[in-house]
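Below: one structure, written as structure tokens.
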There are 2 protein chains.
Amino acid sequence: MRDVAAAASVSVKTVSRVVHNYPFIRDEVRSRVQAEIRRLGFRPNGNAVGLRQTGRPAGSIGVLAADLADPFYAGMVSAIEQVSTARSFTTLVASSGEDAERERTLLATFVERRLDGLIVVSADRRHDHLRPDLDVGTHIVFADRPPQRLPVDCVLAAHADGARQAVEHLLGQGHRAIAFVGHSPAIHTARQRLRGFRAALTAAGLAPHTVRTDALDTEAAHRATAELLAAEDAPTALFADNPRLVGGMATAIAESAAPRTALVAFDDSELAGVLGVTVVAQDPRALGTQAADLLFSRLDGDHSRPRRIILPTTLVPRGSGEGRGVALRATRS
Amino acid sequence: MRDVAAAASVSVKTVSRVVHNYPFIRDEVRSRVQAEIRRLGFRPNGNAVGLRQTGRPAGSIGVLAADLADPFYAGMVSAIEQVSTARSFTTLVASSGEDAERERTLLATFVERRLDGLIVVSADRRHDHLRPDLDVGTHIVFADRPPQRLPVDCVLAAHADGARQAVEHLLGQGHRAIAFVGHSPAIHTARQRLRGFRAALTAAGLAPHTVRTDALDTEAAHRATAELLAAEDAPTALFADNPRLVGGMATAIAESAAPRTALVAFDDSELAGVLGVTVVAQDPRALGTQAADLLFSRLDGDHSRPRRIILPTTLVPRGSGEGRGVALRATRS
DNA sequence: CTGTTAGCGCGTTCAG
DNA sequence: CTGAACGCGCTAACAG
């Protein structure tokens, strides 16, 4: 900026005024400065601006996702970006890869860079360390997974309720031998789904046929499903804990001796649509939109008590949960 | 920091030293300062640090993706993050949503925040405006799409060559009536694929059966495919320009009177794997890794001429391109 | 081992 | 309409 000022024979302050479109500047001076700005390739230093302007928002929010490669979070982030862009805010995204330590590092970076607000999908089990940051004025909203002992807003889907919905749908079709295929419930949301699954069966006076929590990926799910269906006393219906298991489970069902075994999965996906797999869908974009709206209402000065928003899930029947088996289906209209 | 210094009765510089683990400090003083840091919830102000330490890297790179919701870019970003994390760098991601203006805004934000380097999947047709930023010392690597008139590194997949590979595979199976289904080639990579498609047919003394560039999404592709296959003179093989069309096209083929019509798609996807669709695969993670390696070599002081790395594509036969049609297949081992 | 001085690049305040 | 001086929070260089 000094250089530009010198080159245009004005003071730094005048350059600053030109950059900020301050109106009362002679056109001749303005254009001379602008020319030098272009010629020298000057860019205002965001660090210096952020340092000088304490209090005023910097115009950027941060999103910490657990896993960017997961289409669910990708959709959520995309919705957040949309809200944020509409407000002329920049959205910076980082992902922890489900690693709590990396999450803490990244959150620290966000806070240190003094972003105006954060939306967090946390892979951590504790959040006390964020308490000081709240006081510094960083607004935080938790999405998809609740905060532990931290008074902040959060937006969640009704996981337990969604699993219950799936089981009740299968019960309504007459199924009594219903198995759960998923992974070890270390993560809060997975725990909720398993809880809802069990609760719905208990309420009907039944017990789970099987609960398999060793299906970490689609191939493990394929094996688990094949084993279940090959057994003497095979289940007549399967509940897939998450959308990453659908491919393996659907294929295993199609290859088995019981290709009409019912399948309902938690969370929608392109694959489920094409294969005609019935799902209990959350709306990732709604999750993101709500979280962003909540964050911006805080940035706008809403100081009310932390809110917790629970979004309902929707059962989408496509055939696999209604006795028509798994197969290639026409695209949804 | 002033507050911490006052509370611990030391100078600010001593606090700074404690924060940075400067070794020569009395343990008693160190722990006293640390206690006050915790008590007051102090966080170093990254803006101030970045402002003072010019020259030294700030430890963060930026990634501008065209569309975060696209699994291809999600995988690429994930690979970049992995390289970056291994170097103890923070990765900040933003996405332009294929909007050139938003891309420019976001890049400006990155540059202003003085990130150490950028990896860009550009939706813009011009990049001259970045030239000044290069001089400021921001290192830029283009990924997936080449820069226009900007002397920077870039990593690309062999799009034209990949399309050629697909066509030759189909020619090898005896197909002569091969149709292209895709979208309008506004984007560089799509243009390259169409070019490779035409070139391969021309080289064999053939012309495309049809070139449809109106398939913007999976449903449009479903319609286009259905129309093609219902015609008197239907093609015997289809080339899908991108992985988002696979669901619609596979379903249309399965529903048609010619369910064994061959299908080869550009880019791999989970869906293609499960449906047994033959693809010409690029490796998004390799793209990210190479781009990140290139960027970090620049940060390490490599001043050689800009490089252009072209990554080869791989033909993955799964049945749909080899006369076995489209159907549910076992998961890949 | 610790404190003092100066200044990173910019915006704010107050004078011209 | 424009400029000079000051300070944001922190660290490099130099003293003690």
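Chain letters run A, B, ... following the sequence lines, proteins first, then strands; residues in each count from 1.
Side chain of His20(B), nearest nucleotide from dG3(C), dT11(D), dG11(C): dT11(D). Of the candidates dC14(D), dG9(D), dG7(C), dC14(D) carries the atom nearest the Arg17(B) side chain, counting heavy atoms from C-beta on. The listed nucleotides are dG9(C), dA13(D), dT2(D); the one nearest the side chain of Arg2(A) is dG9(C). In the set dT2(C), dG9(D), dT2(D), the nucleotide with an atom closest to the side chain of Val29(B) is dT2(C). You'll find that the side chain of Met1(A) is closest to dG11(C), out of dG11(C), dC10(D), dT11(D). Comparing dC1(D), dG9(D), dT12(C) by their nearest atom to the side chain of Phe24(A) picks out dC1(D). Closest contact between the side chain of Ala48(A) and the listed nucleotides dG9(C), dG3(D), dG7(C) involves dG9(C).
At the heavy-atom level, Tyr22(B) lies under 4.0 Å from base atoms of the strands shown. Contacts of Ile25(A) with the nucleic acid, taken as non-hydrogen atoms under 4.0 Å apart, involve only primed sugar atoms and P, OP1 or OP2.
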In sequence, state the C-alpha distance, the side-chain angles, and the governing distance for Ser60(B) and Arg113(A), and then conclude on side chain to side chain donor-acceptor pair (under 3.5 Å). CA-CA 11 Å; Ser60(B) 46; Arg113(A) 285 195 174 261; 2.8 Å; yes

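In this structure, Ser16(A) contributes its side chain and Val12(A) its backbone to no donor-acceptor pair below 3.5 Å. Side-chain N or O atoms of Arg32(B) include one that pairs as donor or acceptor with a backbone N or O of Ala8(B) at under 3.5 Å. A distance-only check finds a donor-acceptor pair linking the side chain of Arg102(A) to the backbone of Ser95(A) [under 3.5 Å].
OP1 or OP2 of dT2(C) has at least one side-chain nitrogen or oxygen of Arg26(B) nearer than 4.0 Å. Put simply, Ser11(B) has no side-chain N or O that comes within less than 4.0 Å of OP1 or OP2 on dT4(C). Taking 4.0 angstrom as the limit, Thr14(A) places none of its side-chain polar atoms (N or O) nearer than this to OP1 or OP2 of dC1(D). Within the 4.0 Å cut-off from OP1 or OP2 of dA12(D), at least one side-chain nitrogen or oxygen of Gln53(B) is found. Under 4.0 angstrom from either OP1 or OP2 of dC10(C) there lies no side-chain N or O belonging to Ser16(A).
Atom pair Asp3(B):CG and dG9(D):C1' shows a separation of 11 Å (rounding to whole Å applied). Atoms CG (Asn45(B)) and C1' (dG9(D)) sit 6 Å apart, rounded to a whole Å. For Arg113(A) and dC10(D), the CZ to C1' distance is 15 Å, given to the nearest whole Å. As rounded to whole Å, 16 Å separates atom P of dA5(D) from atom CZ of Arg52(A). Here dT11(D) presents its C1' atom at 15 Å from CG of Asn21(B), a figure rounded to the nearest Å. For Leu40(B) and dG9(D), the CG to P distance is 14 Å, given to the nearest whole Å. One can place NZ of Lys13(A) at 10 Å from P of dT13(C), the figure rounded to the nearest angstrom. As a whole-Å value, the separation of Arg32(B) CZ from dT2(C) C1' is 12 Å.
The residue from Leu287(B), Asp144(B), Leu68(B) that alone fulfils the side chain to side chain contact (heavy atoms under 4.5 Å, CB included) condition with Tyr73(B) is Asp144(B).
In this structure the side chain of Arg191(B) never reaches within 4.5 angstrom of the side chain of His159(B), judged on heavy atoms.
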